[in-house]
Amino acid sequence: MSIPFRKQDSVPYGEAAEVAPLVRRILCGNPGPFTFRGTNTYLIGRGEVTVLHPGPEDARHLAAILRATE
């Protein structure tokens, strides 16, 4: 028995995509062997949010997080 790995991900870099009620995901443009297409940052809530795993020090990714939390 093998584990089915997800190999496709259509989420564009830098855009907040809703993955569950009150949970959005932003994909950082840092693909690699350990991050697949890039680091996932999760925003939990609306208004006041919790940022789960803010990702690497990347100006474009930080700007995407700030845009999504305005």
Side-chain angles (χ1 to χ4, degrees):
M1 179 173 169
S2 65
I3 298 171
F5 288 100
R6 183 176 177 184
K7 297 179 182 176
Q8 300 296 321
D9 186 2
S10 61
V11 174
Y13 293 119
E15 290 186 24
E18 189 164 322
V19 295
L22 298 177
V23 179
R24 294 170 288 160
R25 173 176 73 124
I26 301 174
L27 181 61
C28 182
N30 66 333
F34 297 107
T35 61
F36 183 42
R37 287 194 56 228
T39 300
N40 291 298
T41 295
Y42 292 90
L43 306 176
I44 304 166
R46 298 279 183 194
E48 284 191 35
V49 300
T50 297
V51 178
L52 181 65
H53 198 300
E57 203 170 312
D58 180 284
R60 289 176 294 169
H61 189 61
L62 177 57
I65 294 170
L66 293 174
R67 262 193 322 275
T69 57
E70 286 181 336

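Below, all heavy atoms of this structure are taken into account, side chains as well, without hydrogens, waters or symmetry copies.
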Can you tell if the side chain of R25 reaches within under 4.5 Å of the side chain of T41, non-hydrogen atoms only?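 Result no, sub-4.5 Å side-chain heavy-atom pair not found.
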Can you find a pair of side-chain heavy atoms, one from Y42 and one from P54, that are under 4.5 Å apart?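 No, their side chains stay 4.5 Å or more apart.
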So, using salt bridge (charged side-chain N to carboxylate O under 4.0 Å, His left out) as the criterion, who are the partners of E18 when residues are at least two apart?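 Residues passing salt bridge (charged side-chain N to carboxylate O under 4.0 Å, His left out) with E18: R46.
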Going by salt bridge (charged side-chain N to carboxylate O under 4.0 Å, His left out), name the residues that satisfy it together with R37, two or more places apart in sequence or in a different chain.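 Expected list: D9.
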Using distance alone, with no hydrogens and no angle criterion, decide if T39 and N30 have a side-chain donor and acceptor under 3.5 Å apart. yes
Taking only residues two or more places apart in sequence, or in another chain, which ones meet D58 in a side chain to side chain donor-acceptor pair (under 3.5 Å)?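 D58 satisfies side chain to side chain donor-acceptor pair (under 3.5 Å) with no residue once adjacent residues are dropped.
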Straight-line distance of E15 CD to L27 CG, nearest 0.5 Å: 10.5 Å
Look at the side chain of T50 and the backbone N and O of L43, then say whether any donor-acceptor pair between them is shorter than 3.5 Å.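 No, because the side chain of T50 does not come within donor-acceptor range (under 3.5 Å) of the backbone of L43.
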Mind checking who shares a hydrophobic cluster with F34, ILVMFWY linked at side-chain heavy-atom distances under 4.5 Å? none
Under a single-linkage rule joining Ile, Leu, Val, Met, Phe, Trp and Tyr whose side-chain heavy atoms are separated by less than 4.5 Å, which residues share a cluster with L62?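 So far as hydrophobic clustering goes, L62 is joined with L66.
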With sequence neighbours left out, the residues meeting side chain to side chain contact (heavy atoms under 4.5 Å, CB included) with A64 are I26, R67
